[in-house]
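Let me begin by presenting the structure, written as structure tokens, before commenting on it.
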Amino acid sequence: MSFENQIVKWYINNKRELPWRENIDPYRVWISEIILQQTRVVQGEKYFNNFIKKFPSIESLSSADESEVLKMWKGLGYYNRAINIHKTSKKITNTLNGIFPNTYNELIKLNGIGDYTASAISSICFHEYNPVVDGNVLRLLSRYYGLKNPIDSLKGQRNIREIGKKLISKVDNPGDFNQAMMEYGALVCTPFPDCKSCIFSSKCIAHINNEVDTIPVKSKKKKPKERFLNYIVFIDSKQKTIVNKRINKDIWYKLNEFPLIESKTEIKNIFTNSDFKKLVDNSHLTLKKENEKIYRVKHVLSHQILYISFYQINVKDLITSGVHLSNLNNYNFPVPITNFINKLLI
DNA sequence: AAAGCGGGGAA
DNA sequence: TTCCCAGCTTT
């Protein structure tokens, strides 16, 4: 049996029962594909269920506030995915008459949908023969064919896409084939695989040449940059504090935070009045030194290492238009700030 | 072509 | 610690 038919057969017999496989509603498939970008199935599954429960249809999603969509995304990371999902839902509802685009060429024009997602949706929902190229496929095919082009290079990825194109052209169900490739990469041909249980081990070039641990090849190695974030958590006598929204093109775009001073190194000394008068509009606030607490935490992202300090400072004056501490859970904070609030502030 | 963008789980 | 996950967008 050919590779492409063998892996589809394996998929039919071994696939996981997952909520987005209950049907092929393009809305649900689309949401699942966006959630699962750079995200493991086990992590994304609960987000998918919560998201679909909150927004059962594309109309309900399109009429929601952006903050409500971000709330469902909180903790999942790469928050532009949520913003793009919201944008695209509005476009489909308001300018495409609510009709989901049903071809690769139309899908790839939408915000947040690239080659992978357009291929996935068009193959699973509309039976188009577009091969997906994700991390699983790159790993599986580069091992099976013994390819040593770096998989993080455009050339290496284009090559594997061409191979995928030939393979998918010979199967009956392109959606099943694409999901089979990813499922096999996720369950069998993993980064540290158990080749004894692999049905392709007798034909896998990497296995035959004992190169499974060196294929796929990756070229890029970038050192994460270090940043020092100092959050000032003002608290007045009425238990109110100041909350801002991140508006710059940076991490945590459109999420909330406390007043921030970013520094080149870790700040040891306590802030003075002049330090934090720069932070807030109502600079009549005065520092009250007693009851001050400092909490430091290291938070690691893929591309940055964050050294975060929270300075909890009581102020004498009342904060105008502040947020009560018991009301903070209505705001979308990044994970390290949520942890601080839950563990130490409330 | 390269950089920027989260968070968590596994080895 | 290091790797990497159903990638996309901007520079």
[X] has an atom [atom1]; how far is it from atom [atom2] of [N], in whole Å?
X      : N     : atom1 : atom2 : result
A/D213 : C/dC3 : CG    : C1'   : 14 Å
A/K218 : B/dA2 : NZ    : P     : 15 Å
A/F333 : B/dG6 : CZ    : P     : 17 Å
A/K74  : B/dG6 : NZ    : P     : 16 Å

Within the structure shown, what part of the strands sits under 4.0 Å from [X] by heavy-atom distance: base, sugar-phosphate, or nothing?
X      : value
A/G44  : nothing
A/V132 : nothing
A/K222 : nothing

Can you find a side chain N or O atom of [X] that sits less than 4.0 Å from OP1 or OP2 on [N]?
X      : N     : answer
A/Y79  : B/dG7 : yes
A/W73  : B/dG6 : no
A/H299 : B/dG7 : yes

Short question: side chain of [X], backbone of [Y] - any donor-acceptor pair under 3.5 Å?
X      : Y      : result
A/N178 : A/N130 : yes
A/R28  : A/N23  : no
A/S201 : A/I199 : no

query = Nearest 0.5 Å, what's the OG1-CG distance between A/T241 and A/N314?
reply =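 If we round to the nearest 0.5 Å, A/T241:OG1 and A/N314:CG are 10.0 Å apart.
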request  = Would you give a per-nucleotide map of nucleotides 6-11 of chain C, 5' to 3', where B means the base has a protein non-hydrogen atom under 4.0 Å away, S means only the sugar-phosphate does, and - means neither?
outcome  = BBSS-S
request  = Could you walk me through whether A/Y307 and A/R296 pass the side-chain contact (heavy atoms from CB on, under 4.5 Å) test, one step at a time?
outcome  = CA-CA 7 Å; A/Y307 298 93; A/R296 300 186 200 277; over 6 Å; no
Please work out whether the ring planes of [X] and [Y] are parallel, tilted or perpendicular, with thresholds of 30° and 60°.
X      : Y      : result
A/Y295 : A/F310 : parallel
A/Y129 : A/H127 : perpendicular
A/F200 : A/F3   : tilted

message = Salt bridge or not between A/R16 and A/E45? Use side-chain N to carboxylate O under 4.0 Å.
response =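 No salt bridge links A/R16 with A/E45.
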request  = Quote, to the nearest angstrom, the P distance that separates C/dA6 from B/dC5.
outcome  =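 C/dA6 and B/dC5 have their P atoms separated by 23 Å.
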inquiry  = Between B/dG6 and C/dT11, how many Å separate the two P atoms, rounded to a whole number?
reply    =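 That atom pair is separated by 15 Å.
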message = Let me spell it out: for each of A/W252 and A/F192, pick the nucleotide of DNA chain B with the closest heavy atom. Which residue's pick is nearer the 5' end?
response =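 Nearest-nucleotide comparison on DNA chain B picks A/W252.
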request  = Determine the sole option in A/F100, A/W20, A/F51, A/F55 for which the ring pair (Phe, Tyr, Trp, His ring centres under 6.0 Å) test with A/W30 is passed.
outcome  =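 Running ring pair (Phe, Tyr, Trp, His ring centres under 6.0 Å) over A/F100, A/W20, A/F51, A/F55 with A/W30 returns exactly one hit, A/F100.
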inquiry  = Checking contacts here: which listed nucleotide (C/dC4, B/dG7, B/dC5) is nearest the side-chain heavy atoms of A/H303?
reply    =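 Comparing C/dC4, B/dG7, B/dC5 against the side chain of A/H303, the answer is B/dC5.
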ask   = Between B/dG6, C/dC4, B/dA11, which nucleotide gets closest to the side-chain atoms of A/R81?
value =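 Within the option list, the nearest is B/dG6.
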query = What parts of residues 141-171 of chain A reach DNA chain C, counting only heavy atoms under 4.0 Å away?
reply =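 Result for residues 141-171 of chain A: none.
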ask   = Toward the 5' end of DNA chain C, which comes first, A/K298 or A/P216, by nearest nucleotide?
value =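 Whichever sits nearer the 5' end wins; that is A/K298.
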